[in-house]
Asker: 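Okay, here's the structure, questions in a sec.
Computation of the quantities below employed the complete heavy-atom set of this structure, encompassing side-chain atoms and omitting hydrogens, waters and symmetry-equivalent molecules.
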Amino acid sequence: MRRRRARDGTSVRLLSDSRKYYMIEEKETMAVMEKDMTKGSPFRLILAFTIPLIIGNVFQQLYNMVDAIIVGRTVGVNALAAVGMSGSIVFLILGFLNGLTTGFTVLTSRTFGAGNMDGMKKSVYSSSVLAVVVTVILTVVSVAGLKGLLRLMNTPDEIFQDAYQYLFVVFLGIWTQVLYNLLASFLRALGNSRIPLYFLILAAVLNIFLDLFFILVMKMGTRGAAVATVISQGVSGILCLVYIVKKVPLLHMKKEHRVLEKNSVRFQIKVGIPMGLQFSITALGIMILQSALNGFGARAVAGFTASTKVMQLINQAMISIGVTMATYSSQNIGAGRFERIRKGARVSTGMSAVYAVLVTVILHFFGKYMVRMFIDSGQTDVLGYCEMYFSIIAPFMLILGSIFIYRNILQGMGFGFVPMMAGAAELAARTAAAFTARHFGSFEGICWADPLAWVAAAAPLVITYLWRMKKLEREAYERE
């Protein structure tokens with residue numbers, strides 16, 4: 001057995017011959033570990049871990065989709081536009097928090113993969129403390145600045161009040177999103193992607209009934225949709241907490257684990273903040289695009305909203321493959337198995353490519369029918385906006401899939417700066433397209449903003465991954 005020190009300052013113990021986990025608490029660990037990603041077939045591991053994530057992410061999308069469907073068909077097109085344009089603002093705040101909490105748990109996955117259970121528990125404690133602090137700050141800031149932000153985005157008068165009511169409730173319930181995402185990330189860091197799925201499905205079903213109650217019975221409009229979402233998300237977070245307390249002793253901390261170690265906190269902030277900012281930078285680009293889109297009127301906003309809702313649902317498979325690769329790369333870099341990261345990247349890229357081709361065909365031929373979940377078939381002008389959007393973005397799905405994969409691999413390995421800068425390149429491309437489209441009054445130009453942003457983000461991610469892997473493998477060879 002040999003010992004080395006990881007970049008995050010934690011002690012990593014490896015068995016030099018077999019490279020298996022060095023189990024400090026073997027019985028306790030194996031009771032909860034669903035996926036040991038440092039050994040076995042990468043294809044089978046990635047597929048088995050991804051499938052529950054796909055199902056879970058699809059159900060998570062049902063939160064906003066159900067809101068949009070019920071609001072659009074019962075309250076009206078303006079209310080649908082209000083919920084739709086609110087999505088970019090929600091992504092700005094909640095995307096940052098979700099990226100942040102995911103980044104915090106990279107250390108959890110890495111120490112677990114290395115067999116350092118004490119370090120893993122300390123990382124859980126520090127992640128929790130950091131998440132609470134950030135959640136309180138962002139809740140206060142987002143609620144206080146909401147009206148100003150809506151005005152800055154040129155929100156049309158006819159949807160302003162509906163958008164404000166929806167966002168006000170969502171921002172008051174930020175803590176429910178953080179609770180679920182943080183606890184689910186802890187479980188996934190240990191290779192358990194099934195339990196968060198079960199609770200998410202339950203919450204999604206609950207959200208449907210609560211939407212119908214608050215919107216149709218209580219007549220609360222967009223505010224009712226937001227209340228339903230917050231309550232449902234809170235239930236899923238509380239269920240995760242109860243499960244961990246009852247069934248996952250590996251995550252139970254003793255007094256000696258409740259400390260904020262400088263090296264661990266520094267690593268978590270170093271990885272978490274860039275991951276959070278990467279989401280926020282992407283959201284900022286979407287907000288700028290939304291601001292330009294608002295100038296085309298409520299019906300164009302409604303058409304774009306319906307199209308992006310369909311896209312969000314379809315994209316979940318590629319997003320899930322990316323999330324899987326974050327855990328996969330993090331565990332394997334903790335165990336010092338760099339060659340498996342490269343194999344996993346090839347496998348996941350192939351899976352994403354096959355899916356991208358399928359999605360391209362579906363969007364091109366059937367996208368116009370899928371948006372009818374949100375709008376009446378008689379609203380031909382709105383449907384026309386949807387058809388144009390799908391015809392433009394469909395050929396670029398393969399590039400989008402590569403973004404999810406290589407961004408998550410780099411983040412799982414602890415390299416957060418380049419993914420953040422790739423987000424900045426995405427922002428620049430989307431902003432340029434949005435302002436150009438607004439200047440010429442071209443809705444088609446608005447539709448081109450996403451593909452241009454994807455191309456700008458994918459290039460630096462793939463190049464950096466290849467460079468980093470060569471460097472890590474060379475360093476490993478020199479140490480032997």
Asker: More than 12 non-hydrogen atoms from neighbouring residues, nucleotides or ligands closer than 6.0 Å to CZ on Phe160, yes or no?
Answerer: yes
Asker: Output all residues satisfying side chain to side chain donor-acceptor pair (under 3.5 Å) with Thr324, sequence neighbours left out; order by chain, then residue number.
Answerer: Thr50
Asker: Which value, rounded to the nearest 0.5 Å, describes the distance between Arg266 atom CZ and Ser126 atom OG?
Answerer: 12.5 Å
Asker: Side-chain contact test, heavy atoms from C-beta onward, threshold under 4.5 Å: evaluate it for Phe186 versus Ser128 and give yes or no.
Answerer: yes
Asker: Please answer whether the main-chain N or O of Leu150 pairs with a side-chain N or O of Thr155 as donor and acceptor at a distance below 3.5 Å.
Answerer: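 Side chain of Thr155 to backbone of Leu150, a donor-acceptor pair under 3.5 Å: yes, one is there.
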Asker: Taking all non-hydrogen atoms of both residues, which atom of Ile46 and which atom of Gly344 are closest, and how far apart?
Answerer: CD1-O, 3.7 Å
Asker: State, yes or no, whether a side-chain contact exists between Phe96 and Leu92 at a heavy-atom distance under 4.5 Å.
Answerer: no
Asker: Output, in order, the C-alpha distance, side-chain angles, deciding distance and verdict of side-chain contact (heavy atoms from CB on, under 4.5 Å) for Tyr243 and Leu239.
Answerer: CA-CA 6 Å; Tyr243 177 81; Leu239 289 174; over 6 Å; no
Asker: Measure the spacing between NZ of Lys343 and OG of Ser348 and express it to the nearest 0.5 Å.
Answerer: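 Reported value, rounded in 0.5 Å steps: 14.0 Å.
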Asker: Determine the minimum heavy-atom distance between Leu138 and Ile174, stating which atoms define it.
Answerer: O-CD1, 4.2 Å
Asker: Among residues at least two apart in sequence or on other chains, which ones pass side chain to side chain donor-acceptor pair (under 3.5 Å) with Ser127?
Answerer: Gln268
Asker: Return yes if some donor-acceptor pair links the side-chain N/O of Asn207 with the main-chain N/O of Ala203 below 3.5 Å, else return no.
Answerer: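 No; judged by distance alone, with no hydrogens or angles, the pair does not exist.
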Asker: Closest approach of Gly221 and Ile215, non-hydrogen atoms and distance?
Answerer: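 For Gly221 and Ile215, the tightest heavy-atom pair comes out as O-CG1, 3.6 Å.
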Asker: What I'd like to find out is whether the side chain of Met397 reaches to under 4.5 Å of the side chain of Leu363, using heavy atoms alone.
Answerer: yes
Asker: Is Val310 close to Phe390 at the side-chain level, that is, under 4.5 Å between some pair of heavy atoms?
Answerer: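 Phe390 vs Val310: side chains touch.
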Asker: Does atom CE (Met220) have a neighbourhood of more than 12 heavy atoms from anything else shown, all under 6.0 Å?
Answerer: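 It does: Met220 CE has more than 12 such atoms within range.
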Asker: How long is the straight-line distance from CD1 of Ile55 back to CG of Leu200, given to the nearest 0.5 Å?
Answerer: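 Answer rounded to 0.5 Å: 11.0 Å.
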Asker: Less than 4.5 Å apart, side chain to side chain, heavy atoms only: is that true for Ile333 and Leu472?
Answerer: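 Side chain of Ile333 against side chain of Leu472, heavy atoms only: contact under 4.5 Å found.
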Asker: Establish, from distance only, whether the side-chain atoms of Thr349 and Tyr406 form a donor-acceptor pair under 3.5 Å.
Answerer: yes
Asker: If you round to the nearest 0.5 Å, how far is CG of Leu183 from CD1 of Ile244?
Answerer: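 Here the interatomic distance stands at 4.5 Å.
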Asker: Please check: side-chain N/O of Ser442 versus main-chain N/O of Ala437, any donor-acceptor pairing under 3.5 Å?
Answerer: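 A pair under 3.5 Å: no.
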Asker: Does any part of the side chain of Tyr385, heavy atoms only, come nearer than 4.5 Å to the side chain of Cys447, both counted from C-beta?
Answerer: no
Asker: If you compare all heavy atoms of Phe338 against all heavy atoms of Met469, which two are closest, and at what distance to 0.1 Å?
Answerer: O-CE, 3.3 Å
Asker: Determine the minimum heavy-atom distance between Val169 and Val230, stating which atoms define it.
Answerer: O-CG2, 3.7 Å
Asker: Just wondering, do Phe214 and Ile231 contact through their side chains at under 4.5 Å, heavy atoms?
Answerer: yes
Asker: Between Leu167 and Val90, does the side-chain contact (heavy atoms from CB on, under 4.5 Å) criterion hold? Intermediate values first, please.
Answerer: CA-CA 7 Å; Leu167 288 168; Val90 171; 3.4 Å; yes
Asker: Would a distance-only check, ignoring hydrogens and angles, find a side-chain to backbone donor-acceptor pair under 3.5 Å from Ser330 to Val106?
Answerer: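 Yes; judged by distance alone, with no hydrogens or angles, the pair exists.
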Asker: Look only at the side chain of Ser264 and the backbone of Leu260, and say whether a donor-acceptor pair between them is shorter than 3.5 Å.
Answerer: no
Asker: Measure from the side-chain N and O atoms of Ser320 to the backbone N and O of Ile54, and report whether any donor-acceptor pair falls under 3.5 Å.
Answerer: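 The answer is yes, because a donor-acceptor pair under 3.5 Å joins these two groups.
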Asker: Using every non-hydrogen atom in the two residues, find where Thr101 and Ala131 come nearest and quote the distance to one decimal.
Answerer: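 Where Thr101 meets Ala131 most closely, the heavy atoms are CG2-CB, 4.3 Å.
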Asker: Just wondering, more than 12 heavy atoms not from Phe435 lying within 6.0 Å of its CZ?
Answerer: no
Asker: Taking Ala189's backbone N and O only, do any of them form a donor-acceptor pair with Thr327's side chain (distance below 3.5 Å, no angle check)?
Answerer: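 No, the answer is negative, given that no donor and acceptor are paired below the 3.5 Å cut-off.
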Asker: Given Ile281 and Glu426, is the side-chain contact (heavy atoms from CB on, under 4.5 Å) satisfied, shown in steps?
Answerer: CA-CA 8 Å; Ile281 290 171; Glu426 183 178 349; over 6 Å; no
Asker: Can you tell me how far CG of Leu94 sits from CZ of Phe171, rounded to the nearest 0.5 angstrom?
Answerer: 6.5 Å
Asker: Less than 4.5 Å apart, side chain to side chain, heavy atoms only: is that true for Tyr465 and Arg407?
Answerer: no
Asker: Return the set of residues passing salt bridge (Lys or Arg N to Asp or Glu O under 4.0 Å) with Arg188 (not counting sequence neighbours), or none when no residue passes.
Answerer: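 Counting only residues at least two positions away or on another chain, Arg188 forms no salt bridge (Lys or Arg N to Asp or Glu O under 4.0 Å).
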Asker: Checking Arg430 side chain against Trp454 main chain: does a donor-acceptor pair fall under 3.5 Å?
Answerer: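 Checked: no pair found.
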Asker: Are side-chain N/O atoms of Asp450 and Tyr389 paired as donor and acceptor at under 3.5 Å?
Answerer: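 The answer is yes; a qualifying pair exists.
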Asker: Determine, step by step, whether Gln177 and Val170 satisfy the side-chain contact (heavy atoms from CB on, under 4.5 Å) criterion, reporting the C-alpha distance in whole Å, the side-chain angles of both residues, the deciding distance to 0.1 Å, and the verdict.
Answerer: CA-CA 9 Å; Gln177 294 273 350; Val170 169; 5.8 Å; no
Asker: Output yes when a side-chain donor or acceptor of Thr464 lies under 3.5 Å from a complementary backbone atom of Leu461, and no otherwise.
Answerer: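 Judged by distance alone, no pair lies under 3.5 Å.
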Asker: Would you give the length of the straight line joining atom OG1 of Thr139 to atom CG of Leu97, rounded to the nearest 0.5 angstrom?
Answerer: 7.5 Å
Asker: Strictly distance-based, threshold 3.5 Å: is any side-chain N or O of Asn332 a donor or acceptor partner for the main-chain N or O of Met37?
Answerer: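 Between the backbone of Met37 and the side chain of Asn332 there is a qualifying donor-acceptor contact (under 3.5 Å).
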